S.K.: 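Here it is, the structure, as C-alpha cells.
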Protein chains: 2
Amino acid sequence: MADVAQRAGVTKQTVSNVVRGRTVVSPETRARVEAAIAELGYTPNLVARSLSTGTTMTIGFIVPTIANPFYSEVVEEVEMLLEERGYHLLLATTRGDGDRARRQLATLSNRSVDALLVAGDFDIGEQLSPQSELELPVVLCAWEIDPPDTLPVVTIDYEKAGYLAGRHLRELGHRQVAVIADLPAHRVRVAGVRRAFAEDGITVPDDLVFTAPGATPESGYEAALRALPQLRAAEPVTAVFTSTDAIALGVMEVFRHQGLRVPEDISVVGIDDIPQAAHAHPPLTTVALPKRQMAREATELLWRGIANSRPAAPSLTLLRPEVVPRASSAPPAVH
Amino acid sequence: MADVAQRAGVTKQTVSNVVRGRTVVSPETRARVEAAIAELGYTPNLVARSLSTGTTMTIGFIVPTIANPFYSEVVEEVEMLLEERGYHLLLATTRGDGDRARRQLATLSNRSVDALLVAGDFDIGEQLSPQSELELPVVLCAWEIDPPDTLPVVTIDYEKAGYLAGRHLRELGHRQVAVIADLPAHRVRVAGVRRAFAEDGITVPDDLVFTAPGATPESGYEAALRALPQLRAAEPVTAVFTSTDAIALGVMEVFRHQGLRVPEDISVVGIDDIPQAAHAHPPLTTVALPKRQMAREATELLWRGIANSRPAAPSLTLLRPEVVPRASSAPPAVH
DNA sequence: CTGAAAGCGCTAACAC
DNA sequence: GTGTTAGCGCTTTCAG
C-alpha cells in the first residue's frame, strides 16, 4: 500500500480511500492511484482491514451436517444471501457432537466472524447460554426442540407439520395409523400427528410407534420391517406417518418388496419435501418445510444484529409448513 | 491481553506464550496468567493473531453448488479433515457462474485464507491461471474437463467411469445402447461409454444420444420422454446409460409410467452412486465415484502446499471409479 | 525464562 | 481534497 501511495505521489490514506470507493478523492488523483495499483498488482490485505475496522465481513454458520439435503439447502440459500452483501460464509459442522459444537462456538466467536447462525441440534442448546453473554450477534434456526428464549430464533412449526400430516390422513378417512419416526429427535412431529387424530377422538397407540434412528432410508427400511407384523394385524393399519421423507423412502421400499401397494393398501405421508420425494415411487405426499424462507428470515435478523452489533432481541419466528399432496396417500380401502 | 498481563504481573509476551501453550513459561507464572485469563474472561483476538503471523488457519473451498449431493459429500469430508487440524472452512459457491467464480477467487485470495481448494466447473478454468501466480497454495479437485497442468489436481477418472459403465453393459451382452447425458459437461463420461462399445466394434449412434441439461431427475425425465420413440424403434435399444444417477432416477420414472420394465425390458446404468441409488426402484446399477477419497487426497496436497507456502508442484491424481452392480441392469431379453 | 521494542497492513481521526 | 498521527491486538526479534 505504501508502494502504491509513493508511486502515485499520495499517502496511504488516499490509496485507502480509492480502494474503498470513497467519493472524497478527485478524479485525477483517483486515476493516478488506480494506475499505480494496476502496475504494482496491489491487492488489499483483508486481515489488516479487519483488525482495523473490527469487522470481518464473515458470518459463521454451525450446522449439524451438510450431507442432509435439508441443511444443505439452507446453507446454500444462506450463502447466496451473504454473497449479495459481500459477506463470506465460515461453515462448521457438529455432527450431533456436543463437544464439537462447543469448540466450534468458541473459535468462531473470537472476533473472527461478525455474527453467528446456529442450526439446531438438540444437544447444542446448553452450550449456547454463555454465548449470549458474548458481544456477538447470534441467531438460531431450525430449532426443533425447546428453542431458547434468550435469543432470536427462526424455526419451523414442526408440531404443525406433524399435525398437518395427521389431518391430511384424517381427511382421507384414515383411523388406524402407524408412526415411524426418528425419536426422540422428532417427538414434536409425532405429537402433532397425535393431536390431529385426538381431535377426532382417536388415539395413536404406542405399539404402533416405531423408531428409525438417524432418519435415513436405511433406518426407515429396518423400522418398517419391524413394524410389518403390526401393520398386518387383525385391525388393519391403513396409513403410515414417517417423521421424514428419507424414512418414507425406506418404508416404501419394504412395502414394495412385501407386495403392499401404496396407496391402495396403505398410505404413506412424510415430512420435509426433499427433492427426491417428487420422484419417489409413488410420488410421496409430504409436508413441505420452508427451508429457504427460514434462511431468508434468519439472515435478515443477522443483518439487524450486525447493525446494532449485538444479537437482535429474543424472538421466536415460527414458519408455517404446508401439505404437498401426491400419489402416496389416498382414502383407505373399504373392507 | 495487556490487562491480563498487568493482572498477572507479567508482559503481554508471557501471556501470549501461555495462550499458545509454549513450554518456556514457568509453571507458577503460567498458573498466575491462567488465573488472570479466567478472571478477566480473556479470549485472544484471532484476527490480530492472523495479521501478525500471516496465517489465518482457514482454507477456502470454491464449489459449484452444495445442493448436489456429490459436492455436499466432498465438502463434508473436507470440513472434517480441516477440523482435525484446527483449520476452518470458508465456503463459496459459483453456481456455474464464471463471474461469481472470479470474484470468489479474488476475495478469498487476499490473504484471508491460507490455501484454496477449487472444485471444478468447466467455466472456472480460465480464471485460474492468474491465480497460480499468486503466492497462495491452490489445489483443484473434481475437475472433469481439461484439468490445467499448472496446478496440483486431484480428480476422478471420469472417462473410465463411463468406460466401466459401458463395459458392464457389454459384458451383460447389450449391443444397442442409448445415452442420456448432461452434455457438454459430461462429454468425457460419454466418450468412455463409446470406447467400451468401440472395443467390440460397436458404434453408439449419435441419434441415440440425448441431453439432460442440469443433470437432475427432472431433466432426465424430459430427456427420456424425448428418447422414447427411438427406444421403441425397430432395432430395439436394450440399455440406457445415464451420465448421472440423478438423471437415471428421472429416466426410470418415465419407464415405469410407460410400462417398460427395468431391467427386463431395458437396463439402466448411472454414474456417481448417490445415496438414493441404492433405494431406487429398482436399485440402480452405477459407477461409484470415490468422493471422500478425493477429498482426502486433495486436503493432503493442501497441507503440503501450506507447509511450503506455495502450491504443491503441478500433478494429476486420477482416482479410480468402481462399478456397483445392482438390480437395474441385466442381460438383454432374447427375442 | 522474562521484558522491551518494533511492526504486521490497514483505517479513523483530525488537521491542513 | 489531501496528509499526519495514532492505533487495532497480537507476535517476533533480541536483550537481559
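Naming convention: chains lettered A, B, ... in sequence-line order (proteins, then strands); numbering from 1 in each chain. The model shown is predicted, which means the values in this text are computed figures rather than measured ones.
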S.K.: Tell me every residue that passes ring-ring contact (aromatic ring centres under 6.0 Å, His included) with Tyr87(A), counting only those two or more places apart in sequence or in another chain.
M.R.: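 Listed in chain order: Trp303(A).
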S.K.: Walking along DNA chain C from 5' to 3', note the first and the last nucleotide with an atom under 4.0 Å from a heavy atom of chain A, and give both.
M.R.: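 Answer, 5' to 3': dG9(C) to dA13(C).
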S.K.: We want to know whether Thr93(B) and Glu76(A) form a side-chain donor-acceptor pair, criterion being a heavy-atom distance below 3.5 angstrom.
M.R.: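 Distance-only check fails for Thr93(B) and Glu76(A).
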S.K.: For Glu84(B), enumerate each residue passing the side-chain contact (heavy atoms from CB on, under 4.5 Å) test, keeping only those at least two apart in sequence or located in another chain.
M.R.: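 For Glu84(B), the residues satisfying side-chain contact (heavy atoms from CB on, under 4.5 Å) (neighbours in sequence not counted) are Met80(B), Leu81(B).
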S.K.: Anything under 3.5 Å between a protein N or O and an N or O of nucleotides 8-11 of chain D, put it in a table, one pair a line.
M.R.:
{"residue": "dC10(D)", "atom": "OP1", "partner": "Tyr42(B)", "partner atom": "OH", "Å": "2.7"}
{"residue": "dC10(D)", "atom": "OP1", "partner": "Asn45(B)", "partner atom": "N", "Å": "2.8"}
{"residue": "dC10(D)", "atom": "O2", "partner": "Ser52(B)", "partner atom": "OG", "Å": "3.1"}
{"residue": "dC10(D)", "atom": "N4", "partner": "Lys12(B)", "partner atom": "NZ", "Å": "2.7"}
{"residue": "dT11(D)", "atom": "OP1", "partner": "Arg20(B)", "partner atom": "NH1", "Å": "3.3"}
{"residue": "dT11(D)", "atom": "OP1", "partner": "Arg49(B)", "partner atom": "NE", "Å": "2.7"}
{"residue": "dT11(D)", "atom": "OP2", "partner": "Ser16(B)", "partner atom": "OG", "Å": "2.6"}
{"residue": "dT11(D)", "atom": "O4'", "partner": "Ser52(B)", "partner atom": "OG", "Å": "2.8"}

S.K.: If the condition is salt bridge (Lys or Arg N to Asp or Glu O under 4.0 Å), which residues does Asp272(A) pass it with, not counting sequence neighbours?
M.R.: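 Scan of Asp272(A) (salt bridge (Lys or Arg N to Asp or Glu O under 4.0 Å), adjacent residues dropped) gives Lys291(A).
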S.K.: What's Thr11(A) touching, base or sugar-phosphate or nothing? Going by heavy atoms closer than 4.0 Å.
M.R.: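 If one applies the 4.0 Å heavy-atom cut-off, Thr11(A) turns out to touch a base.
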S.K.: By side-chain hydrogen bond (donor to acceptor under 3.5 Å, both in side chains), which residues pair with Thr58(A), not counting sequence neighbours?
M.R.: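 side-chain hydrogen bond (donor to acceptor under 3.5 Å, both in side chains) check on Thr58(A) returns nothing, list empty.
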S.K.: For the helix from dC1(C)-dG16(D) to dC16(C)-dG1(D), how many degrees between its two end axes (five pairs per end), to the nearest 10°?
M.R.: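 Inter-axis angle at the termini of the helix from dC1(C)-dG16(D) to dC16(C)-dG1(D): 30°.
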S.K.: Counting any heavy atom closer than 4.0 Å, what does Val10(B) reach on the DNA or RNA strands: base, sugar-phosphate only, or nothing?
M.R.: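 It contacts sugar-phosphate atoms only.
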S.K.: With sequence neighbours left out, what residues match Glu83(A) under side-chain hydrogen bond (donor to acceptor under 3.5 Å, both in side chains)?
M.R.: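 Partners of Glu83(A) by the side-chain hydrogen bond (donor to acceptor under 3.5 Å, both in side chains) criterion come out as none, since no residue qualifies.
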S.K.: Just jot down the ring-ring contact (aromatic ring centres under 6.0 Å, His included) partners of Phe70(B), sequence neighbours excluded, or say none.
M.R.: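 Checked Phe70(B) against ring-ring contact (aromatic ring centres under 6.0 Å, His included); zero matches.
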S.K.: Holding to side-chain contact (heavy atoms from CB on, under 4.5 Å), I want the full list of residues that pass it with Leu318(B), two or more places apart in sequence or in another chain.
M.R.: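 For Leu318(B), the residues satisfying side-chain contact (heavy atoms from CB on, under 4.5 Å) (neighbours in sequence not counted) are Thr155(B), Asp157(B), Leu316(B).
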S.K.: Quick one: salt bridge (charged side-chain N to carboxylate O under 4.0 Å, His left out) pairs with a partner in residues 293-304 of chain A, sequence neighbours left out?
M.R.: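 Applying salt bridge (charged side-chain N to carboxylate O under 4.0 Å, His left out) to every pair that reaches into residues 293-304 of chain A, excluding sequence neighbours, yields Glu77(A)-Arg296(A).
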S.K.: Only distances under 3.5 Å count here; give the side-chain donor-acceptor pairs of residues 1-14 of chain B to other protein atoms, sequence neighbours excluded, each with its distance to 0.1 Å.
M.R.:
{"residue": "Arg7(B)", "atom": "NE", "partner": "Glu39(B)", "partner atom": "OE1", "Å": "2.4"}
{"residue": "Arg7(B)", "atom": "NH2", "partner": "Glu39(B)", "partner atom": "OE1", "Å": "2.5"}
{"residue": "Gln13(B)", "atom": "NE2", "partner": "Asn17(B)", "partner atom": "OD1", "Å": "3.4"}

S.K.: Base, sugar-phosphate or nothing for Thr29(A)? Non-hydrogen atoms, less than 4.0 Å.
M.R.: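 Sugar-phosphate contact only - Thr29(A) comes under 4.0 Å of backbone atoms but never of a base.
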